[in-house]
Every structure is written in C-alpha cells, then in structure tokens.
Amino acid sequence: MRQINDAHVAEPGLAVVEVGAADDQTAFALQEVLAMRWATATADRTTRVPGEPGVRLRCYLNLRQELGT
C-alpha cells in the first residue's frame, strides 16, 4: 500500500482506516458498515501481500460528516 499522505489526516476528524481481513468479502463488508455511518472515500479493490495470508483494504473517513445512526 502507498504511504499515508499528511493531507488525509491534516485535521481533527479525518482518519485513515486500514483493514486486514481473511477475504475480500469481509473487508468490503466492514467498509460498507463504515460508509453507512460517516462520509467515506471507499476502495474498489483489496491488495494482497505475497506470502502473507488475507487481504488489505484502505479507506478514508471524515468523522465530522456523520450520515446517520
């Protein structure tokens, strides 16, 4: 994965979430739960590290923009 850019966390309420999961379905399910609650820049694919189990996914949250409960 690329390095986290300072702009992604430059202000309070901005967060980068990196998910490690067993499979794509699990990673995207967690991302969907986050996106239902907060403004989220979602990922459309996961990454795999050769020789390591599971997948990784990174999404960006703006906790200042609550969508609902």
Partners passing side-chain contact (heavy atoms from CB on, under 4.5 Å) against Ala43 (at least two apart in sequence or in another chain): Gln31, Leu57
Interatomic spacing from CG in Leu61 to CG in Leu14 - rounded to 0.5 Å: 9.5 Å
For Ala21 against Ala27, the heavy-atom pair lying closest together: CB-N, 3.8 Å
Sequence-distant partners of Asp24, side-chain contact (heavy atoms from CB on, under 4.5 Å), two or more places apart: Phe28, Thr46, Arg48, Val55
side-chain hydrogen bond (donor to acceptor under 3.5 Å, both in side chains) involving Thr26 - partner list, sequence neighbours excluded: Asp23
Nearest heavy atoms of Thr40 and Ala35, plus distance in Å: OG1-CA, 3.4 Å
Connected via hydrophobic side-chain network under 4.5 Å: Val19 and Leu63: yes
